[in-house]
Every structure is written in C-alpha cells, then in structure tokens.
Enquirer: 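Handing you a structure now.
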Amino acid sequence: MRFAPAPSGYLHVGSARSALFNWLFAKNSGGVFILRIEDTNAELAAPEYYDAITEPLKWLGLEWDEGPYFQSERRDLYLDAIDMLLQSGKAYFCNCSREQIDQRNKETRFQGGYDGYCRDRNLEETPTASVRFRTPDEGLIQVIDLIRGEVTFDNAELEDFVIRRANGTPVFLVANAVDDADMNITHVIRGEDLLNTTPKVLLLWESLDYGVPPIYAHLPLLVGDDRKKLSKRRHSVALGDFKDEGILPEAMVNYLALLGWGPTDEKEIRPIEEIATLFSLESVNKAPAFFDIKKLNHINSHYIAAMSTEVFADEASRYINKIGWKPPHFDMSTLEALTPFLQQRATRVSDVVPLLDWVFEDDLPQETDEKEINKMVKAMGAELVPDILEEAIGRLQDCQWDAETLSKEIREVGDELNTKSQVPVRIAVTGRRTGLPLFEPMAYLSRELVLRRLQTARSNLR
RNA sequence: GCCCCGUUCGUCUAGCGGCCUAGGACGCCACCCUCUCAAGGUGGUAGCACGGGUUCAAAUCCCGUACGGGGUACCA
C-alpha cells in the first residue's frame, strides 16, 4: 500500500490520518508501506516541501518501508505511457482553451464538462496542445472499495479528461496508474475526496493493459465544526502546530485512529501497536468525522499523566527553552520537584507556563480575563481578607520555611478567624485563583518574595 | 444542475436480524473526595433522520424521501 501526499506546504491532520491508516493496515497485514510524493505539478515540486511531509510523519512514528519516490523524477515513465495511449488511439490532442469549452457548453447547454470537440479532429501535436484521454462512450466501471463496497460509475458520465498539460507535464491520474502498476501496489488507502477520480485511473489502467487493479479504501473525510472537509484555509490543522503546543505524538496518533474507526472492546486509549493488531479496513466507518479538539486534549492529558516524571520534566524544560521563556528564578530541580503536580493538571505541555510563572517570575502574572478578575475580586473582597493577609504576614515572618509549616501556619490563620484562608493567600502569592497546590511550590520561593507579595496585596485592598 | 458517498446521544464510536427497555468515550450537570484547581470516584443528561416494505423478529436487510458531505480544473 502507499501513502501519496501532494506536497502543498505543511502536513495537516487529514493527511496524517491517511498515512496512519496506511501504516495500520500495513502493520496489520504484513504489507509494505510506501511513501510517494505526488509532485506532478511543477508548482508543488519545491524540494523544501519534502521535510514538511516527512518530519511530521517521523514525529508521529509512522515510518515507511519504502521510498520516498518522487513523481517529478519519474516523469518520463508517465510520458511514455501517454505516448502509448496516443499511438493506440486512446488519447488525442486538444487545443481548446477553458474559455472556448465553457463558451460552447453554454451555447449547447451541455453539462458534462469537456464536450469532446477535438475527439475526432485528428489534431497534430503542437507545442500548446494538451492530450486528452478518450473515455468509453458506454459501459460501467467498478471500483472495488473495502470500506464502501463496489462503487459503480457510468463511463458515459466521464469526460475526456486531460492527461498531459499543454506545458507537456503529465497529470497525477496517469502517474497514479503508472506508479501503482510499477510499484505493485495492492491497496490504495486515501481520502474520500479522491473517490471520484478513481474510475479515471482505472480506465487508464485498463487501456495500459496493467492487469488486475489495486483494491481501494476511501476513508471518510475529517471535518471541522462547520462540517466541511478540513482545510488549511478554514481550519487550524497543521500537525506542527499541535506539536508546538505540546500535543504528544502518541496522543495524536491514538486520537486519529479513533476517527472513523473504533475498537469493539471499548478501550480507547491504547498504544498504536496494539491498535494495529485490532485494526481492519472493513470496519472503518463511512460517514465524515468531526475533528474534536476537546477529545484530543483529553487523550493528551492522559498520556501526559502517564509519562514518567523524568521524561515529563525534560519535556517541560525543552518546551520552556523552545519558547524562550527565561524567568529569573528558574531552577531545574524545582521544576522536577513540582512535576507530578504539573502532570496531573496539564492538558498540553504548554500548560506548564501558566502553572509555573508565579514560581519562577519575580513579578506576578497579570490576569487579563475579565471574568477571572471579577471572581478574584470577589474571592479577595470578603470582609475578613485584610485580617487574613495581615495575620499571614505576621506568621510567615519567622516561621520555618517548608511546605508543611507553611500549610500549618496558613491553616491556623483560618482557624483563628473562623474562615478559610487559602484562597486569599493564594491569590496574593500566585496572582491566580486556581493552580498548583499552594504550599509545596511556595516553599521554593524566598520568604522575602512571599512577604512582599502578601504586603502588596494587603495594601492594594485599601 | 449532474455524478459519487453517507446518516446510532451535541461530538467520536460499539452494534453486522433476536443478547438493545441501544453499550463506551469526550463534553455538560450533580454529588463524594478536598481550605485552590486538577486528578480520581459515583450518578445523571442525551441518540438508531423520516416513511414504506421483507421477516415470527430490524438500529441491523430492501426501496423511497429528507438532510449532509465529496466531486464536477491543463490541483491532487
């Protein structure tokens, strides 16, 4: 089987899902997974796009067994095939412009695409002539599809499509047929958006006498919240972006496998190798699937929580470095000590920053969310808050400086005033209403810094 | 318009004629735990698009309708 993406900038989650299903099927059936870059269109053949495809695949752990092959390097093969079709009369030259075709169709109210104007004009080859394939006038063509069954198309509905552009380059339909035959492709797994192009490839396949065609599997499309096919223009779907925000590859791949397919035993979160053993194309769904970030997040937080503390601490510090966050009090051993608390709370690796900023920064974070500010004001505004803060300041002046003592002292502040004391202290010290457990991280701050924050909060109350 | 493909809780899915008064997961809500938030636990919310058949029996098979998606390029 092969995964054959067109290089058009970065890899997006839809393509990644196609790659994944190819990979799963290959693993499950012991097949060979071939990577082939469909760059028949010169504009897409820029070499820098290569990494944009392979890097995300490697990140996801979807290694290919063979390739990558570049169609731009195999052009002669396709051109030869086109010459054969020309010689056998199954293709012909055409010099119609799009405008001319549209014009004629408008006049004759013809709605089938190309009207076959040059079919029997026996045009000679010229530098500006394109080549069209002569589709049969009658008969049916059948696509064998493991997901959808046998899909039948009426040949008469198929227009004489272009197989070689006026600039002399072959289109992907030819490259598809030639390569799939040449590479002994047995299974083609791709998005449903390509289903309609399949009969054209099959017709070429027949005309080229390639024998038994591959078996197809057209995956249901991934859609966004508008229920439209995921697209780079409308949705944010770059795999690289998810990586940058701290989505783990294991989580991404696990989630993607759950779109259009599900295990029968109801255990959703499991390693991809295990999924491969359960996977089958026949049990893939037919209806489009909504790419749900919330569920991705949930799966990701599960994988984060399951990581060892060492690995996560490393992951977190790499993230901090990458975004160039250099807080004055940063300390690796403190980060390591707080890691278990972080893992329990972070949905994405990027969440560690708002969780930790008050620990490592000198200044308190500025809360900007209005709702949150209101809630904080409310939490801080209770009658007893000034007393709580003052009592806390007094007690922290010269107590022991460890989490246990801090917890005890603040608790006693509450007991003394017959109220709860943690939230006001938390807001004063962390600048936030919610977050990590208060006292463990607090013990890593200097007494002086904590007192300063408490005092600032106290005076702001006036 | 024409062609192709679809339709199980808001979302992703299990189900492949009787085990279904439809199961799980995400989300949401409540409660428990807890002097924050999470995590965890418990419970709840909500669905077989509609109409005809076939059958002793249909979410499961067939037909139609509605709705949705994809394609309709000298992009892939």
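Order of the sequence lines sets the chain letters (A, B, ...), proteins ahead of strands, with each chain counted from 1.
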Enquirer: Rounded to the Å, how far apart are A:L355 CG and B:A39 P?
Expert: 12 Å
Enquirer: When we call it a touch if two heavy atoms are under 4.0 Å apart, what does A:E157 touch: a base, just sugar-phosphate, or nothing?
Expert: sugar-phosphate
Enquirer: For B:C5, does OP1 or OP2 lie under 4.0 Å from any side-chain N or O of A:R148?
Expert: no
Enquirer: Report which part of the nucleic acid A:L173 touches: base, sugar-phosphate, or nothing (heavy-atom distance under 4.0 Å, all strands).
Expert: nothing
Enquirer: Could you state the atom-to-atom distance from CG of A:L256 to C1' of B:C26 in whole Å?
Expert: 16 Å
Enquirer: Using the salt bridge (charged side-chain N to carboxylate O under 4.0 Å, His left out) rule, pick out the option among A:R36, A:R74, A:R2 that qualifies with A:D182.
Expert: A:R74
Enquirer: Just checking A:G435: base, sugar-phosphate only, or nothing, at a heavy-atom cut-off of under 4.0 Å?
Expert: base
Enquirer: Any side-chain N or O of A:N285 below 4.0 angstrom from OP1/OP2 of B:U8?
Expert: no
Enquirer: Across the strands shown, which category fits A:S421 at heavy-atom distances under 4.0 angstrom: base, sugar-phosphate, nothing?
Expert: base
Enquirer: Could you check whether A:R119 makes a cation-pi contact with A:Y92, meaning its NZ or CZ is under 6.0 Å from the centre of the six-membered ring and within 45° of the ring axis?
Expert: no
Enquirer: What contact category does A:L436 fall into here, base, sugar-phosphate, or nothing, at under 4.0 angstrom with non-hydrogen atoms?
Expert: base
Enquirer: Compare side-chain N and O positions of A:T40 against OP1 and OP2 of B:A76 and report whether any pair is under 4.0 Å apart.
Expert: yes
Enquirer: Counting only non-hydrogen atoms, which of residues 93-105 of chain A are less than 4.0 Å from RNA chain B?
Expert: A:C96, A:R98
Enquirer: Take A:G149 and A:L258, find for each the nucleotide of RNA chain B with the closest heavy atom, and name the residue whose nucleotide sits nearer the 5' end.
Expert: A:G149
Enquirer: Using a strict heavy-atom distance below 4.0 Å, which residues from residues 213-228 of chain A are in contact with RNA chain B?
Expert: A:L221, A:R227, A:K228
Enquirer: Taking the P atom in each of B:A73 and B:A14, what is the distance between them to the nearest angstrom?
Expert: 35 Å
Enquirer: On RNA chain B, check which nucleotide each of A:K267 and A:D292 is closest to and give me the residue with the more 5' one.
Expert: A:D292
Enquirer: Assess the side chains of A:N254 and A:Y303: does a donor N or O sit below 3.5 Å from an acceptor N or O?
Expert: yes
Enquirer: Between C1' on B:A76 and OH on A:Y78, what's the gap in Å once rounded to a whole number?
Expert: 13 Å
Enquirer: Does A:T197 reach a base, just sugar-phosphate, or nothing at all? Heavy atoms under 4.0 Å.
Expert: base
Enquirer: Touch check for A:G191, heavy atoms < 4.0 angstrom, all strands: base, sugar-phosphate only, or nothing?
Expert: nothing
Enquirer: Using a 4.0 Å heavy-atom cut-off across all strands, classify A:I299 as base, sugar-phosphate, or nothing.
Expert: nothing
Enquirer: When we call it a touch if two heavy atoms are under 4.0 Å apart, what does A:F172 touch: a base, just sugar-phosphate, or nothing?
Expert: base
Enquirer: Separation of A:F290 atom CZ from B:U7 atom C1', in whole Å?
Expert: 17 Å
Enquirer: Check the distance between B:C4's C1' and A:K200's NZ and give it to me in whole angstrom.
Expert: 12 Å
Enquirer: What is the nucleic acid contact for A:F291, judged by heavy atoms within less than 4.0 Å: base, sugar-phosphate only, or nothing?
Expert: nothing
Enquirer: Kindly point out which of B:C74, B:A38, B:C35 is positioned nearest to the side chain of A:R411?
Expert: B:C35
Enquirer: Answer with base, sugar-phosphate or nothing: what part of the nucleic acid does A:D154 contact at a heavy-atom distance below 4.0 Å?
Expert: nothing
Enquirer: Taking any heavy-atom pair under 4.0 Å as a contact, classify A:A289: base, sugar-phosphate, or nothing.
Expert: sugar-phosphate
